[in-house]
Asker: 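One structure coming up, written as structure tokens, with questions to follow.
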Amino acid sequence: MSIFQDNLERLQALASLDGISAEDLSLLSKPALVSKAELEVGGNKYPAWRILYSRDLGPGKGGIRFHPEVSEDEVQSLAFWMVLKNSLADIPYGGAKGGVKFDPKQADKTELEAISRAYARAFQPVLGQDKDVPAPDVYTNSQTMAWILDEYESLVGHHEPGMITGKPVELGGIKLRSDSTAQGGYFIAQEMVKEFLPGKEAKDIRVAVQGFGNAGLFMAEKLFADGFKIVATSDSRGGIFKEDGLDISALSAFKAEGNSVNDFNQGEAISNGQLLELDVDILVLAALENQITAVNADKIKAKHIIELANGPIDLAADKILDAAGKIIVPDILANSGGVIVSYFEWAQNRTGQILDEDYLKNLLEKKMRGNWDRMLSLYREKSNISLRQSAYILAVRRILAAKHWRGGQA
Ligand code: NAD
């Protein structure tokens, strides 16, 4: 199954929904630059990619993923979503993504460093603060970014902290970046509750969160602190369920000690599949793509779904869920807090100015809530589209406007 094919179909559907011409849509149907390499580390060869999908609105921007299932189809799809996300977020970036196919859980720190540095060497010619700017994604973090930055700077012979975001604070990163994806998602969750669960108090709202990493863990913590009842969560090894709500603070501390979620001494163990089918008010998807497909879509009981992960619902499932009247907050809005704060970090690196943290916190909130409002108002205006289609239309309109201003092919 090709994830990218799904994306093209979602894109083409916009012609009938917003009158965007098929010719214009075809301008977005392929990536601008696909770079591939085999990273040779310790006698092994690891396939690696950096795909710059579009640079119409600015340099490429998007994370690097380390995962045994990484493929070109996946990286290209993630790069495509970054284009839409950056456009919708109204920040001056095109879109890109990278990945290395290997199992980081089987690698020690020396190997992780060697693979990160090999990645920087392989893709140095296509990276740079004005070309394409990576960031963390699944199983990469600020340490990975630091190794890549260090290797890149030693190759180009000058400091260039703006070539990567999600760096440690000491190397030009900003504190806000660590939980920014979840912080943005949390503002969106509040807006969604206000709009679609009016009058319902947090303590009466039951939530399940799939994935307990950077996105899922911080999201669960924020919702828990706000009084929401988190009845289930999971990581790659499985999940746990507790009818009257989990103590997320205790679970975070347990996970930070290197334990798996389903070894926690509260509630009962469940599988990731069971978690998705729980009867909850809000299901937060914060793991990987294609978690809800035609196989399980009709078993989903949650009425409201927030996509904190990229692409967790495939096209076939999307149609089934839409027909069932589910409210799905799309990834390109829900998880855009990460790249918005990456933009703050990059802007700070470019100007050398240090911006006030409270100012940036407010700016993130303003952008997230403002982008929600724009998506919702088009959704209401058109009345026959989903929230995802509304977000896609807004994103595509901005990219096409930039293409037309540039002239040439458009
Ligand atoms: P992470 O590596 O910090 O955490 C991933 C989590 O998912 C871990 O808890 C892992 O155990 C769990 N997981 C892996 N496979 C799973 C499976 N099959 N079922 C259930 N759980 C599984 O990664 P992250 O940064 O939290 O990324 C999660 C999702 O959020 C990805 O889709 C990523 O692209 C997206 N995202 C992340 C950011 C960011 O800033 N980190 C920004 C935007 C979007």
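Indexing begins at 1, ligand by ligand and atom by atom, following the structure's order.
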Asker: To the nearest 0.5 Å, what is the distance between CD on Q183 and OH on Y186?
Answerer: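 If we round to the nearest 0.5 Å, Q183:CD and Y186:OH are 7.5 Å apart.
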Asker: Flag the pair D322 and R388 as a salt bridge only when some basic side-chain nitrogen lies within less than 4.0 angstrom of an acidic carboxylate oxygen.
Answerer: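 The answer is no: the pair does not qualify as a salt bridge.
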Asker: Which of the atoms of ligand 1 are close to D235, meaning less than 4.0 Å from one of its heavy atoms?
Answerer: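 Here the atoms of ligand 1 in question are 9 (O), 11 (O), 20 (C), 21 (N), 22 (C).
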Asker: Going by the order shown, which atoms of ligand 1 are within less than 4.0 Å of some heavy atom of R65?
Answerer: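 Listed by number with element, the hits are 31 (C), 32 (O), 33 (C), 34 (O).
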Asker: Does only the side chain of A135 get under 4.0 Å from ligand 1, or the backbone, or both, or neither? Count heavy atoms.
Answerer: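 It is neither; nothing of A135 touches ligand 1.
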Asker: Is the shortest distance from a heavy atom of R177 to ligand 1 less than 4.0 Å?
Answerer: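 The answer is yes: ligand 1 sits under 4.0 Å from a heavy atom of R177.
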Asker: Do T165 and E345 get their side chains close enough for a donor-acceptor pair, meaning under 3.5 Å?
Answerer: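 The criterion, which ignores hydrogens and geometry beyond distance, is not satisfied for E345 and T165.
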Asker: For Y139, counting its heavy atoms only, list the atoms of ligand 1 lying under 4.0 Å from any of them.
Answerer: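 Close to Y139: 2 (O), 10 (C), 11 (O), 14 (C).
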Asker: Is the shortest distance from a Lys or Arg side-chain nitrogen in K200 or D281 to a carboxylate oxygen in the other one below 4.0 Å?
Answerer: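 The answer is yes: the pair qualifies as a salt bridge.
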Asker: Name the closest protein heavy atom to atom 3 (O) of ligand 1, giving the residue it belongs to and the distance to 0.1 Å.
Answerer: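 Here the closest protein heavy atom is N214 N, 2.8 Å.
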Asker: To the nearest 0.5 angstrom, please state how far the CD1 atom of I332 sits from the CZ atom of F80.
Answerer: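 Output value for this atom pair is 8.5 Å.
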Asker: Taking NZ, NE, NH1 and NH2 as the nitrogens, is one of them in E289 or R65 under 4.0 Å from a carboxylate oxygen of the other?
Answerer: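 Salt bridge present between E289 and R65.
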Asker: Does ligand 1 have an atom that lies less than 4.0 angstrom from a heavy atom of R237?
Answerer: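 It does not; every heavy atom stays at 4.0 Å or beyond.
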Asker: So which heavy atom in the protein is nearest atom 27 (O) of ligand 1, and how far is it from that ligand atom?
Answerer: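 The answer is V138 CG2, 3.5 Å.
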Asker: Where's the contact between L308 and ligand 1, heavy-atom distance under 4.0 Å: side chain, backbone, both or neither?
Answerer: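 It is the backbone that touches ligand 1; the side chain stays farther off.
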Asker: Considering heavy atoms of the protein only, find what lies nearest to atom 38 (C) of ligand 1 and give residue, atom and distance to 0.1 Å.
Answerer: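 Answer, as residue, atom name and distance: T181 OG1, 3.5 Å.
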Asker: Give the residue and atom name of whichever protein heavy atom lies nearest to atom 34 (O) of ligand 1, and the separation in Å to one decimal.
Answerer: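 Nearest neighbour among protein heavy atoms for atom 34 (O) of ligand 1, to 0.1 Å: D137 OD1, 2.6 Å.
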Asker: Near L288, which atoms of ligand 1 are under 4.0 Å from a heavy atom of that residue?
Answerer: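 Here the atoms of ligand 1 in question are 15 (N).
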Asker: How does N335 reach ligand 1, by side chain, by backbone, by both or by neither, if only non-hydrogen atoms under 4.0 Å count?
Answerer: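 Both of them.
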Asker: Decide whether N371 and D90 meet the rule of one side-chain donor and one side-chain acceptor closer than 3.5 Å.
Answerer: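 Looking only at side-chain atoms, D90 and N371 do not form any donor-acceptor pair under 3.5 Å.
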Asker: Can you find an N or O of Q291 that's nearer than 3.5 Å to an N or O of ligand 1?
Answerer: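 No; the residue has no nitrogen or oxygen that sits under 3.5 Å from a nitrogen or oxygen of the ligand.
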Asker: Are the side chain of D314 and the backbone N or O of I3 linked by a donor-acceptor pair below 3.5 Å?
Answerer: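 Flag not set: sc D314 to bb I3 has no pair under 3.5 Å.
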Asker: As a test of understanding, state which of R50, K61, K97, R55 forms a salt bridge (charged side-chain N to carboxylate O under 4.0 Å, His left out) with D132.
Answerer: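 Of R50, K61, K97, R55, salt bridge (charged side-chain N to carboxylate O under 4.0 Å, His left out) with D132 is met by R50 alone.
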Asker: Within a distance under 4.0 Å of any heavy atom of N272, pick out the atoms of ligand 1 and give their elements.
Answerer: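 Counting atoms of ligand 1 from 1, those under 4.0 Å from N272 are 19 (N), 20 (C).
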Asker: Can you tell me which residue and heavy atom of the protein come closest to atom 32 (O) of ligand 1, and the distance to 0.1 Å?
Answerer: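 Checked against all protein heavy atoms, atom 32 (O) of ligand 1 sits closest to N310 N, 3.0 Å.
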Asker: Between G211 and ligand 1, does any nitrogen or oxygen pair lie at a separation below 3.5 Å?
Answerer: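 It does not: no N or O of G211 is found under 3.5 Å from an N or O of ligand 1.
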Asker: If you count the atoms of ligand 1 from 1 in the order shown, which ones are under 4.0 Å from a heavy atom of A309?
Answerer: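 What qualifies from ligand 1 is 29 (C), 30 (O), 32 (O), 35 (C).
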Asker: Any idea which protein heavy atom is nearest atom 26 (O) of ligand 1, and the distance to it?
Answerer: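 Among all protein heavy atoms, the one nearest atom 26 (O) of ligand 1 is A215 N, 2.8 Å.
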Asker: So, S71 and D73: side-chain donor and acceptor under 3.5 Å apart, yes or no?
Answerer: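 Looking only at side-chain atoms, D73 and S71 do not form any donor-acceptor pair under 3.5 Å.
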Asker: Looking only at protein heavy atoms, which one is nearest to atom 11 (O) of ligand 1, and how far off is it?
Answerer: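 Protein heavy atom at minimum distance: S236 N, 2.9 Å.
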Asker: Going by ring pair (Phe, Tyr, Trp, His ring centres under 6.0 Å), F66 matches just one of Y139, F102, Y46. Which one?
Answerer: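 Exactly one option meets the ring pair (Phe, Tyr, Trp, His ring centres under 6.0 Å) with F66, and it is F102.
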Asker: Between S342, G213, G238, flag the one that comes closest to atom 5 (C) of ligand 1 by a heavy atom.
Answerer: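 Minimum heavy-atom distance to atom 5 (C) of ligand 1 goes to G213.
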Asker: Heavy-atom distances under 4.0 Å decide this one: backbone, side chain, both or neither, for Q210 against ligand 1?
Answerer: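 Near ligand 1, Q210 shows its side chain, while the N, CA, C and O stay back.
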Asker: Are a donor atom and an acceptor atom from the side chains of T140 and D137 found within less than 3.5 Å of each other?
Answerer: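 Not at all, the side chains of T140 and D137 share no donor-acceptor pair under 3.5 Å.
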Asker: Please determine whether a side-chain nitrogen of the Lys or Arg among K361 and E365 lies less than 4.0 Å from a carboxylate oxygen of the Asp or Glu.
Answerer: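 Salt bridge flag = no for E365 with K361.
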Asker: Would you kindly specify which portion of E289 sits under 4.0 Å from ligand 1, judged on non-hydrogen atoms: side chain, backbone, both or neither?
Answerer: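 No part of E289 is near ligand 1 at this cut-off.
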Asker: To check your reading of the model: name the closest protein heavy atom to atom 31 (C) of ligand 1, its residue, and the distance in Å.
Answerer: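 Of the protein heavy atoms, A287 O, 3.2 Å lies nearest.
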Asker: Side chains of D24 and H404: do they bring a donor and an acceptor to under 3.5 Å?
Answerer: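 Distance-only check passes for D24 and H404.
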